[in-house]
Amino acid sequence: MTVLFQARGLRKAFGNGEHRRYAVDGVDITVAEGEALALAGESGSGKSTIGLIMARLLDHDEGEILFDGQEIGKCSARRAAQQPWRAQIQMVFQDAGGAFDPRLSISDSVALPLRRLSHSRGNALTHAVEDALDRAGLAGHLFRRKPHELSGGQLARAGIARAIALRPRLLILDEPTAALDVSVQAGILHLLNELRRDLNMAMVFVSHDLNVLRVLCSRVMVMEHGNIVEEGPVGRVFASPAHPFTTRLLAALPKWPRSEGLPHQLPGSALIIHSQ
Amino acid sequence: MPVLAPLLTVRRLSLAFALPQGGRASVLDGLSLDIAPQEALALVGESGSGKSVFALALLRLLDRHAEITDGEIRIEGEDLLHASDKRMQDLRGKTLAIIFQNPASSLNPIRRIGRQIADVLLAHGERSADAARRRAVQMLARVGIQDAARRANAYPFELSGGMKQRVMIALALAASPRLLIADEATTGLDVTTQAMVMDLIHEQARANNMATLLITHDLALAAERCDRIAVIHAGQLVESAPAARLLTAARHPYTRALLTATPHAGSTLANLRAIPGQAPDTAAADLPACRYYARCDRRTELCKSLPPMQTASSNGAHVVACHHPL
Amino acid sequence: MKYGSSALLLALFLALAIAGPAVAPYNPLAYALADRLQPPSLHHWFGTDALGRDVFSRTLAAARTDLPAAAAAVILSSLIGVSVGAACGYLGGAIDRWVGRVVDVMMAFPLFVVAVALVAALGNSLTNVVLATAVINLPFYIRLVRAEIAARRQLGYVMAARLAGCGHGYIIGRVLIPNIAPIIAVQISLNLGWAVLNTSGLSFIGLGVRPPTPEWGALVSDGAQYLLTGQWWVALGPSLVLVLAVFAFTLIGDTAHDLFSPRSAR
Amino acid sequence: MNASLISFVLRRVLTVLPVLVGATVFTFVVMRLLPADPAAFLASGPGMGAADIAALRAKLGLDRSLPVQFGLYAWQLLHGDFGHSFVTGNPVALDLLQRLPASLELACGGLLIAAVIGMPLGIAAALRPGSLFDTACRALAVLGGALPGFVIGVFLIYLCYFKLSWAPEPTGQIDAALSAPRIVTGFLVIDSLLAGNMTAFASALGRMVLPSLTMALFALAPVMRMTRAAMVTALASDYIRSSRALGLPNRLVLRYALENAGAPLITMFGLIFSYMLGANVVVEKVFAWPGIGAYALDGLQAADYSAVQGFILVVAAVFAAVNLLVDLLCGWADPRIPRAA
C-alpha cells in the first residue's frame with residue numbers, strides 16, 4: 001500500500017490567554033492509497049478539527065503535512081484554493097443541508113468545482129456533472145432541484161457527488177450519516193464503499209458512531225482530548241481494545257443480543273439471547 | 001410482568017396538523033398502546049414518524065395548529081383529553097414528566113438550579129419554601145451531583161454538560177411522577193454520556209416504581225434499555241412486543257427492514273440493507289390505508305384499501321398491524 | 001395583502017416623484033397673493049399657503065427633493081456599509097475589532113448631532129444633509145452585514161466553495177452577499193423610510209433645504225406657523241403625504257422582514 | 001464571585017473612553033473645517049489690521065501644529081472650558097449645564113410613557129402571536145415609526161392647545177408670568193415641588209405633557225416592536241417549553257420569560273434613549289423648550305460654533321453614560337454577562 005497522505009506532530013489550539021486549549025495535541029496520521037480509515041472519538045475530541053486540517057480548510061499551529069510525498073502544510077488554508085493539489089483532496093460535510101448554496105440548483109453546485117479546478121465547460125462539464133450525480137445514485141429528475149426540495153438522504157448523495165466529481169485521491173467525510181435515518185444510512189454506506197473501491201479513493205471517516213465505522217473501515221484511530229489513544233485494524237481494536245478509553249467507549253454502546261449473523265436469516269434457528 | 005391495570009391507556013389516537021400553506025397532515029392515525037406501572041416501553045420510529053408529537057399530545061402541549069381528531073388517553077383511569085387546563089397543569093410534573101432532546105437547554109439560563117427545582121416542588125404541593133429548597137438539594141444529590149448544597153446555588157452555564165443532563169432529570173423527577181417520558185433525550189449526546197443518562201433514568205425508575213416511555217429512533221438503544229418496544233411508521237403503530245421477541249421474531253415487514261438496516265456489534269456491510277423509498281407525505285390526499293405500502297415488498301391491493309387490522313399473539317403481548325405479517 | 005398594498009403605495013410615490021411637475025395643477029413657485037391662505041377646495045386640493053402658492057403642487061414637487069435625497073443617502077450608506085461589513089465579517093481579527101470600535105463611536109452620535117456638525121462645518125446644503133443621513137445609517141449596515149456574513153462563514157457551502165478552488169472575492173461577492181441580499185433589501189427599504197424622515201426633520205429645523213425649494217419638512221414647518229391662526233391645511237397636506245411615504249417604505253421593510261426572519265420561514 | 005463583577009465593571013467603564021475620545025476628535029475636526037477662520041472672524045471689528053489678527057491667532061494657539069492644538073483643546077475640555085458663547089455671553093459649559101435637565105426631562109418623560117404603554121402591548125402581542133391583536137399592534141408600530149416627531153408635535157399643539165385647549169400654550173417650560181423656583185436639580189417639575197410652589201409645579205407639569213407625549217409617540221413604535229421580539233424569542237425557548245411541561249403555573253412561566261427578556265430589553269431602552277436625544281432637537285424647536293437641542297440650533301443659526309461643539313460633546317458624554325448604565329444593568333439582569341466577558 002503506497003502512502004498517500006502523511007501528517008506528523010499536528011497541533012492546533014483555540015482561544016488565548018488562560019482559555020488557550022489544544023484541540024489537537026501532537027497527532028500523527030498516515031493514509032494509504034484507497035484505504036478506509038476511521039477517526040473515532042466523542043464530541044470535543046478534536047476529530048473534526050483534524051478533518052478540517054487534513055482538507056486544508058483550517059490552519060494548524062505545528063506539524064508537517066505531506067501529500068503524495070510533497071509538503072503541502074506550509075501553504076495557509078486561505079491560499080489553499082489556488083494550489084495544484086486542491087482538486088486531489090476533497091471533503092463531505094456533516095450538515096448536508098447547510099453544505100449547498102440555497103440559491104443554486106444541485107447540478108450547479110456540483111458543477112462549481114469542475115468549472116473552477118478542472119476548467120471544463122459546455123457539454124464536457126454537463127456530462128461530468130451528470131456522471132457524478134448518477135454515480136452517487138441520485139435520480140435524474142432531482143438534478144435541477146434546489147437543496148430545500150431534497151430529502152436528507154438525497155442531499156447526502158448530492159454532497160458525495162460533488163466531492164467525487166474531481167476524482168480526488170483523498171476524501172474526508174465528517175459524520176457523513178449522522179443526520180440520516182437508519183433506513184437511508186445503509187444505502188449511503190454501501191455507496192461510499194463502492195466509490196472507494198471503484199475510484200481507488202482513500203477515505204477518512206470522522207465519526208462518533210462506532211457501529212458505522214466498524215462496517216465501513218479497515219483501520220481505526222481512537223481519539224480523546226486531542227490525542228490518538230489507540231490505533232489498529234478495526235476487527236482487533238473493537239474485539240479487544242487496549243486503551244481504557246476505547247474499552248469504556250465500546251462498553252457504552254447499546255448491547256445487541258449476540259447472535260451468529262442476523263436474527264432472521266435462518267428461520268427458527270435457536271438464538272442465544274444475551275441475558276439483560 | 002404481572003398484569004396490572006395499565007398506568008397509561010391510549011386508544012385509536014388520531015391527530016392532524018393544519019399546515020401553514022393550507023391542507024392538513026394526519027400526523028397520528030389510530031394509535032393505541034398501553035404502559036403498565038413501572039414498565040419501560042420504547043416507542044421507536046424514524047424522523048417524521050409522529051413519535052414526538054405523540055409525547056406532546058400526552059401532555060397536551062401541542063400548539064394551536066394541532067387538533068386531536070379521534071381517540072382517548074387515560075392516565076390512572078383519568079381522561080386526559082377532557083381534563084381542564086388547571087387539572088392538566090397539576091398532572092404535568094406530578095403524574096407525567098418529560099425530558100426533551102438536548103436537555104441542557106431546558107434549564108432556565110439565568111436562574112439558580114436549586115431554585116428551579118424548588119419551583120417545581122412548590123408548584124406541586126410543597127407549602128414551605130425552605131422545605132422546597134431542602135428537598136431540591138436532596139434531589140440533586142440523588143441524581144449524583146456531588147456537593148449538592150453548594151451546587152444548588154450555581155447557574156446552568158457554570159455546570160458541565162453531563163451535570164446539566166443530571167439537573168434536568170432532577171427537575172423532571174422532583175414531584176415524583178408516575179410516568180417519565182424521554183423524548184430523544186440522549187440523541188446527539190456522546191455514547192458515554194448517553195449511557196450515564198440512561199443508567200440514571202433506569203435507576204430512578206426502579207427506586208420510585210416509575211414507568212418510563214423512551215422515544216427514540218435508535219432501535220439498539222431501545223432493545224437494550226426497555227422491556228417492550230412499539231414501532232411507529234408515518235403515524236401508524238405497526239408492531240409492539242417484548243424487546244427480545246421483537247428483535248428475534250419481528251412479524252411486520254417494516255420492523256424487519258429496520259432490523260436489517262441498523263448496524264450493530266454483529267453486523268457487516270454485506271448484511272446491512274437500506275429501506276427503499278421514503279415515509280409518505282401525511283398531507284397527501286391519496287394516502288394508502290397502510291402507510292408502509294409504497295416501501296413494502298409484501299404489499300397487495302388489500303394493503304392500499306383496507307386499514308391493517310391489529311392481530312395479537314396468544315398472550316396478547318405481541319401485536320402486529322399488517323395484512324401479510326411474516 | 002399587506003405586502004401588495006405597500007408596494008402599490010410606493011409605486012404611486014415613485015410615479016409622483018418622476019411625473020410630479022407635469023401633473024401638478026399649478027406652478028409650485030408661482031405667487032398669487034389674491035387667493036392667499038385659501039382652504040382646500042376643488043381648485044386647490046390642499047388649499048394655498050401665505051403667498052397664495054398651491055400647497056398640493058408644492059407637495060408634489062417636494063417629492064422630487066425628498067425621494068432622490070433619501071435614495072442617495074441610502075445608496076451611499078448601503079454600498080459602503082455592505083462592503084465594510086462583509087470584509088469585517090469574513091476576515092474577522094484586527095480589522096473587525098477596529099471597525100467595531102469606530103462603529104460604536106459613530107453610534108454615539110444621533111443623526112441630528114452629526115447633521116448639525118456637518119452643516120456647521122461644510123455649510124447648509126442638501127448634499128450635506130444627504131451625507132449626514134448616510135453617515136448615520138452606515139453603522140446599521142456594517143453591523144447587520146458583519147453579523148450575517150460571520151454567521152455564514154463556517155457554513156458548509158462556504159467551505160465547499162473554498163474546496164472548489166474559489167478565492168475570497170468570489171466567496172464574498174458571488175456566494176455570501178447574494179445569500180444575504182434579501183436581508184439587506186429589508187434594511188434598505190426600512191432605511192429609505194428613515195432617510196425621508198431624517199431629511200424632512202432636518203429641513204424642518206432649517207438645516208439642508210433653503211427656501212423656496214419645496215421639501216416636505218420645510219412645507220410642514222411653514223404650515224406650522226399658520227396652525228395657531230386656524231389655517232390647519234397648510235401643514236396637513238404635506239404632513240399626510242410625508243407620513244404616507246415613510247409608511248410605504250417601512251411597511252415593505254417590516255413585511256419583508258417577516259418573510260425572511262427564520263421564525264416565519266418555518 | 002464579586003472579583004469578576006468588579007473587573008466587569010472596570011472593563012465596561014473603560015469602554016466609555018473611546019466614545020469620549022472619538023467625540024473630541026470629531027468636534028476638533030469639525031471645528032477645523034469651518035469655512036471662516038475663527039480668528040479673522042472674531043477680529044473682524046473695525047480698525048483691526050492684519051497684525052491684530054495674527055496676534056489673536058497666536059493667543060488662540062491657532063498658529064501651532066494640529067496635534068498641539070488638539071492637545072490644547074483636549075486640555076481645555078478636561079477643565080470644563082467649552083469656550084464662550086457670544087450669543088448668551090456666558091461660558092458654553094454653564095449654558096449646557098442649565099439646559100441639560102430640560103432635555104433629559106423630555107427624553108426620560110417620553111421614554112417612560114412609551115414604556116408604560118409600549119411594553120404591555122408588546123408583551124400581550126407576543127403572548128398571542130398571529131392574532132388580530134398582534135397584527136394590529138404591529139401595524140400601529142409601523143405607523144408610529146413612520147410619524148416624524150415634528151408632525152406629531154405640530155398636530156398635538158393644534159389639537160390639544162388650539163382646538164380643545166386642554167394643554168397650555170406651547171412656549172417654554174413654565175408660564176412666563178410665574179417666577180421659576182430655585183434651581184436644585186434643574187428639573188423644573190421637581191424643583192417647584194421641592195420649593196412647595198404648587199402653581200409653578202402645576203404649570204411646569206402641564207407644559208411638559210405635550211412635548212413628552214410627542215417624544216413618547218416617537219419612541220412607542222420601537223419599544224413595542226422590540227419588546228415583542230424579545231418576548232417572542234424568550235417564549236419560544238426550550239426552557240419555557242419544559243417549564244410548562246413541569247406544570248409550573250402560568251404566571252411563573254411568564255416570569256421566567258420576562259426575566260430572560262430582561263437584558264435584551266434593557267439594551268433596547270439604552271438604544272432608544274440615545275436615539276431620542278436626537279429627536280429632542282426637533283421637539284425643543286416645536287415647543288420652544290429650553291433644552292440643549294434648541295441651544296445648539298440657535299448656535300448654528302448664529303454661527304456660534306462653540307455652542308454647537310459643546311452640544312456634540314455633551315450628547316456624546318450622555319450617550320456614553322447611558323451605555324455604561326445599560327451594560328451594568330445587563331450585567332445584573334443576566335449573570336452570564338459579567339462572568340463571560
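A note on names: the letters A, B, ... follow the listed sequences, proteins ahead of strands, and every chain is numbered from 1.
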(message) Counting heavy-atom pairs closer than 4.5 Å to chain D, which one of C/A245, C/S200, C/P238, C/G206 comes out on top?
(response) C/S200

(request) Taking heavy atoms only and a threshold strictly under 4.5 Å, list by residue number the residues of residues 149-156 of chain D that touch chain C; give 'none' if the list is empty. (result) D/F150, D/V151, D/V154, D/F155

(request) With a 4.5 Å cut-off on heavy-atom pairs, point out which of D/L143, D/V322, D/L277 contacts chain C the most. (result) D/L143

(request) Identify which of C/T250, C/I205, C/L236, C/V105 forms the greatest number of heavy-atom pairs closer than 4.5 Å to chain D. (result) C/I205

(message) Could you check whether C/T65 and C/E215, counting side-chain N and O atoms only, form a donor-acceptor pair closer than 3.5 Å?
(response) no

(request) Identify, with sequence neighbours excluded, every residue that meets side-chain hydrogen bond (donor to acceptor under 3.5 Å, both in side chains) alongside D/D238. (result) B/S105

(message) Would C/W194 and C/F140 count as a ring-ring contact (aromatic ring centres under 6.0 Å, His included) here? Give the steps.
(response) CA-CA 12 Å; C/W194 295 341; C/F140 291 102; 5.5 Å; yes

(request) Identify which part of D/A23 has an atom lying under 4.5 Å from any heavy atom of chain C, answering side chain, backbone, both or neither. (result) both

(request) Heavy-atom distances under 4.5 Å only: say whether D/V19 touches chain C with side chain, backbone, both or neither. (result) both

(request) Can you tell which part of C/V220 gets under 4.5 Å to a heavy atom of chain D, answering side chain, backbone, both or neither? (result) side chain

(request) Tell me, please, which residues at least two apart from C/L138 pass side chain to side chain contact (heavy atoms under 4.5 Å, CB included). (result) C/S77, C/I80, C/M106, C/I142

(message) Given heavy-atom pairs under 4.5 angstrom as the criterion, report whether the side chain, backbone, both or neither of D/I157 touches chain C.
(response) side chain

(request) Using a 4.5 Å cut-off on heavy atoms from C-beta on, say whether the side chain of C/D49 contacts that of C/R58. (result) yes

(request) Would you mind checking which part of C/L202 comes under 4.5 Å of any heavy atom in chain D, side chain (CB onward), backbone (N, CA, C, O), both or neither? (result) neither

(request) Measure the spacing between CG of C/L207 and OG1 of C/T199 and express it to the nearest 0.5 Å. (result) 11.5 Å

(request) Please answer whether the main-chain N or O of D/T233 pairs with a side-chain N or O of D/S237 as donor and acceptor at a distance below 3.5 Å. (result) no

(message) Quick check for you: among D/V21, D/L297, D/L271, D/L20, which has the greatest number of heavy-atom pairs under 4.5 Å with chain C?
(response) D/L297

(request) Enter the distance from D/I292:CD1 to D/N280:CG here, rounded to the nearest 0.5 Å. (result) 7.0 Å

(message) Closer than 3.5 angstrom, by distance alone: can the side chain of C/Q231 be matched with the main-chain N or O of C/L37 as a donor-acceptor pair?
(response) no

(message) If I measure from the heavy atoms of chain C, does D/L147 come under 4.5 Å with its side chain, its backbone, both, or neither?
(response) both

(request) Against chain D, label C/L244 side chain, backbone, both or neither, depending on which of its atoms sit under 4.5 Å from a heavy atom there. (result) neither

(message) Just to verify, what does D/F269 make a ring pair (Phe, Tyr, Trp, His ring centres under 6.0 Å) with, not counting sequence neighbours?
(response) none

(message) Tell me whether D/W289 contacts the main-chain N or O of D/P211 through its side chain, where contact means a donor paired with an acceptor under 3.5 Å.
(response) no

